[in-house]
2 protein chains.
Amino acid sequence: MPRRKNQSRYVLLGLLDMRPMSGYDIKKILEFSFSDIWSESYGNIYPTLKAFLKDGLAEEKRVHQEGKPDRIVYSITPKGKKELTAWLKKPYEKRRVRDEFLMKLLFGYSLSREDNARLMESYLTLLRERVIWYRESTEALEKQGITDQKDLLEYLALLQGKMVQEAKIRWCEKSISMLREFGQ
Amino acid sequence: MPRRKNQSRYVLLGLLDMRPMSGYDIKKILEFSFSDIWSESYGNIYPTLKAFLKDGLAEEKRVHQEGKPDRIVYSITPKGKKELTAWLKKPYEKRRVRDEFLMKLLFGYSLSREDNARLMESYLTLLRERVIWYRESTEALEKQGITDQKDLLEYLALLQGKMVQEAKIRWCEKSISMLREFGQ
DNA sequence: AATTTTATATATCAATTTGATACATACCTA
DNA sequence: TAGGTATGTATCAAATTGATATATAAAATT
């Protein structure tokens, strides 16, 4: 009976440790705040939350709302917190990586240089949109003031996003001009 | 009967389009040259290659070797090339992202600042090792000379790796000093 | 000289995870 | 009034992983 890993489990525990949440909240916070860090599907979220109940890692509370469907809000238990801490202490392990954009770029040698340059321009547009969000978020936190380590870590995570996006933007700009120069 | 996506299929076709390869070759080239871009498991590679035969997207050739097990080398067919090109022309779609390091960092607010700083130092060590490989690879290509678009695209992919790693290193250095300053 | 580790190679499969969809309520807008 | 969007929970086939099994031979270690 080999033990398999389940990363989703720990990430969901970590989110519940931040504050009690419903499955829908989890999906939304991942899409909005952590969209470049972690993704998770409903097909994974809801069964995992059910499993937390069974294993005593979280508790549920049905919350009635006016004009909206009921929410099932999950809170982490001491047992859940213990399992989360054990995971946090384990060293970082590299896992799967999949960058569709770079793979397509590498395989695109049969296309024209101008086609590739235009492909990169559409990617650059996405990067520029995204970096605005990072700049606004980091600036907001700076102005608001970083009072505890939770704030500091959130700030650092945003900062990485900003710095990586900016590096990719510089790379895109350089690449586009190289593709067009090379065409001459 | 809804149509599902299968990214692996296209990436394996793209690799076979570069040159004929065995399943083992594919695993190795991904681990060595594309380790920050794409990962794929044997459990996915071998069944996909078999499926290519069935669908006429690739052909197999058994190659006997002295002192090593036989290899099964797959080559892309015109039909496979056509399917690959169709994929390459489809616009980039963002898919799953999972950065375990950043998630653990965000959840680590119960640990001490020094614990977090040390966690980042171990990550920084990995980044510094990796960036050396990127610097060597890009310099080697620069010296060798970029003669066709295939070279140029490979160079650009390496350049992104280098620039992103360097941005992460700068971020790590800044973060470590902020964590230690904040501790005062 | 015998043993262990490492590299080459294909293969399988339970567990994990995704992507798509279903269902229900309510608001907005064209 | 029909369509789109947001809030919510739920399911499941298909995609993908992580671990392991099997086999041969070179290289390193005891």
Side-chain angles (χ1 to χ4, degrees), chain A residues 1-12 20-32 35 38-53 58 60-74 87 90 93-100 103, chain B residues 1-13 20-32 35 38-53 55 58 60-74 87 90 93-100 103:
Chain A
M1 254 152 295
R3 284 278 355 96
R4 319 281 168 153
K5 305 301 174 60
N6 184 334
Q7 288 192 97
S8 303
R9 207 177 161 84
Y10 301 111
V11 168
L12 294 207
M21 286 186 217
S22 69
Y24 189 77
D25 291 338
I26 288 172
K27 181 74 174 160
K28 289 302 145 192
I29 200 177
L30 287 176
E31 281 173 1
F32 183 74
S35 71
W38 203 266
S39 46
E40 205 70 70
S41 63
Y42 283 129
N44 214 354
I45 293 170
Y46 285 108
T48 302
L49 291 174
K50 292 286 179 203
F52 285 167
L53 294 182
E60 71 176 349
K61 202 202 247 171
R62 191 157 214 115
V63 178
H64 183 68
Q65 301 183 106
E66 286 305 321
K68 288 180 195 172
D70 285 3
R71 294 153 46 81
I72 304 178
V73 177
Y74 293 82
W87 176 69
K90 279 196 284 183
E93 276 176 79
K94 203 190 156 188
R95 288 177 193 273
R96 63 150 176 254
V97 194
R98 295 193 148 193
D99 187 330
E100 194 187 276
M103 281 319 258
Chain B
M1 256 150 295
R3 285 282 347 102
R4 318 281 168 154
K5 304 301 173 60
N6 184 333
Q7 289 192 94
S8 302
R9 206 177 162 83
Y10 301 111
V11 167
L12 293 207
L13 278 179
M21 285 187 219
S22 68
Y24 189 76
D25 292 338
I26 288 172
K27 181 73 173 163
K28 290 303 144 190
I29 200 177
L30 286 176
E31 281 173 1
F32 184 74
S35 70
W38 203 267
S39 46
E40 204 70 71
S41 64
Y42 282 129
N44 213 355
I45 294 170
Y46 285 108
T48 301
L49 290 174
K50 292 285 179 205
F52 285 167
L53 294 182
D55 299 342
E60 72 177 347
K61 202 202 247 172
R62 191 157 215 116
V63 178
H64 184 67
Q65 300 182 107
E66 286 305 319
K68 287 179 195 172
D70 285 4
R71 312 170 63 223
I72 304 176
V73 176
Y74 293 81
W87 177 68
K90 279 195 284 182
E93 276 176 79
K94 202 189 157 189
R95 286 177 194 272
R96 64 149 174 255
V97 194
R98 294 193 149 193
D99 186 331
E100 194 187 275
M103 281 319 258

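A note on names: the letters A, B, ... follow the listed sequences, proteins ahead of strands, and every chain is numbered from 1.
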Open item on the list: With nearest nucleotide decided by heavy atoms, which residue, B:Arg62 or A:Tyr42, maps closer to the 5′ end of DNA chain C?
Closed with: B:Arg62
TODO: On DNA chain C, check which nucleotide each of B:Ile72 and A:Ile45 is closest to and give me the residue with the more 5' one.
DONE: B:Ile72
- [ ] Could you tell me which residues satisfy ring-ring contact (aromatic ring centres under 6.0 Å, His included) with A:Tyr10, sequence neighbours excluded, listed by chain and number?
- [x] A:Trp87
Protein-nucleotide distance ([X], atom [atom1]; [N], atom [atom2]), rounded to Å:
X	N	atom1	atom2	answer
A:Asn44	D:dA10	CG	P	15 Å
B:Leu49	D:dT16	CG	P	14 Å
A:Glu100	C:dG19	CD	P	10 Å

Task: side chain to side chain donor-acceptor pair (under 3.5 Å) partners for B:Lys94, two or more places apart - done: A:Asp36
Task: Footprint string (nucleotides 21-27 of chain D, 5' to 3'): B base within contact, S backbone only, - free, heavy atoms under 4.0 Å - done: ----S--
- [ ] Can you figure out which of C:dT10, D:dT9, D:dG18 approaches the side chain of A:Arg71 most closely?
- [x] D:dT9
Task: From D:dT7, C:dT18, D:dA15, nucleotide with atom closest to A:Lys28 side chain - done: D:dT7
Open item on the list: Going by the rule side-chain contact (heavy atoms from CB on, under 4.5 Å), which residues pair with A:Leu53 if we only count those two or more places apart in sequence or in a different chain?
Closed with: A:Glu60, A:Tyr74
TODO: Could you list the residues that satisfy side-chain contact (heavy atoms from CB on, under 4.5 Å) with B:Ser22, not counting sequence neighbours?
DONE: B:Tyr24, B:Asp25, B:Arg71
TODO: Check every strand shown and say whether B:Lys50 touches a base, only sugar-phosphate, or nothing at a heavy-atom separation below 4.0 Å.
DONE: sugar-phosphate
- [ ] Give B:Gly43 one of three labels, base, sugar-phosphate or nothing, depending on what nucleic acid heavy atoms sit under 4.0 Å from its own.
- [x] base
TODO: Would you work out how much the helix from C:dA1-D:dT30 to C:dA30-D:dT1 bends between its ends, with each end axis defined by five base pairs, to 10 degrees?
DONE: 30°
